[in-house]
Amino acid sequence: MAKTQLGARVDEDVAELARKRAADLGLSVGDYLARLVQDDASGLRARAVDAAACFLADHQAVFDEAEQGQQASRGTRAA
């Protein structure tokens with residue numbers, strides 16, 4: 001497939017995040033951005049966020065219980 005060059009201006013911190021994330025994934029910045037756009041356009045990202053929200057909602061009691069246990073263990077100290 002032929003490649004087309006795009007230009008965009010972003011804050012330096014966003015550019016650095018893109019560079020680092022692309023490197024983490026073993027991709028060029030262009031390929032990383034293309035993947036993000038494809039995932040967004042296909043609805044993949046939205047479905048993933050929705051699935052994560054459903055998971056958290058379904059299991060909120062477990063997370064609350066674990067957090068309360070951690071807070072209780074921090075509150076007890078040896079005499």
Side-chain angles (χ1 to χ4, degrees):
M1 176 186 292
K3 300 266 184 169
T4 299
Q5 184 172 342
L6 299 174
R9 293 186 184 277
V10 296
D11 292 336
E12 184 55 38
D13 58 334
V14 172
E16 187 59 28
L17 285 171
R19 288 184 202 107
K20 286 180 180 178
R21 188 65 182 131
D24 289 345
L25 295 170
L27 299 171
S28 68
V29 173
D31 288 342
Y32 173 62
L33 294 175
R35 178 190 277 187
L36 290 177
V37 171
Q38 289 170 337
D39 288 353
D40 182 52
S42 72
L44 177 64
R45 297 185 82 70
R47 289 192 306 273
V49 169
D50 288 345
C54 287
F55 176 85
L56 290 174
D58 290 347
H59 298 89
Q60 188 62 52
V62 174
F63 294 112
D64 291 344
E65 184 179 313
E67 186 175 348
Q68 289 171 358
Q70 288 178 345
Q71 289 173 353
S73 67
R74 281 189 226 129
T76 58
R77 298 176 196 259

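- Closest of all the heavy-atom pairs between Ala22 and Ser28 is CB-O, 3.8 Å.
- Remark: aromatic rings of Phe55 and His59 are close, center separation under 6.0 Å.
- The distance from the CG atom of Leu17 to the CD atom of Glu12 is 10.0 Å, given to the nearest 0.5 Å.
- Between Arg47 and Asp39 there is no salt bridge, since no side-chain N of the basic residue sits under 4.0 Å from a carboxylate O of the acidic one.
- Side chains of Val62 and Glu65 form no contact here, defined as non-hydrogen atoms less than 4.5 Å apart.
- When side chains are defined from C-beta on, Arg45 counts as touching Leu36, because their heavy atoms get closer than 4.5 Å.
- With rounding to the nearest 0.5 angstrom, the CG atom of Leu33 is 12.5 Å from the CZ atom of Arg21.
- When all heavy atoms are compared, the tightest approach of Tyr32 to Leu27 is CA-CD1, 4.0 Å.
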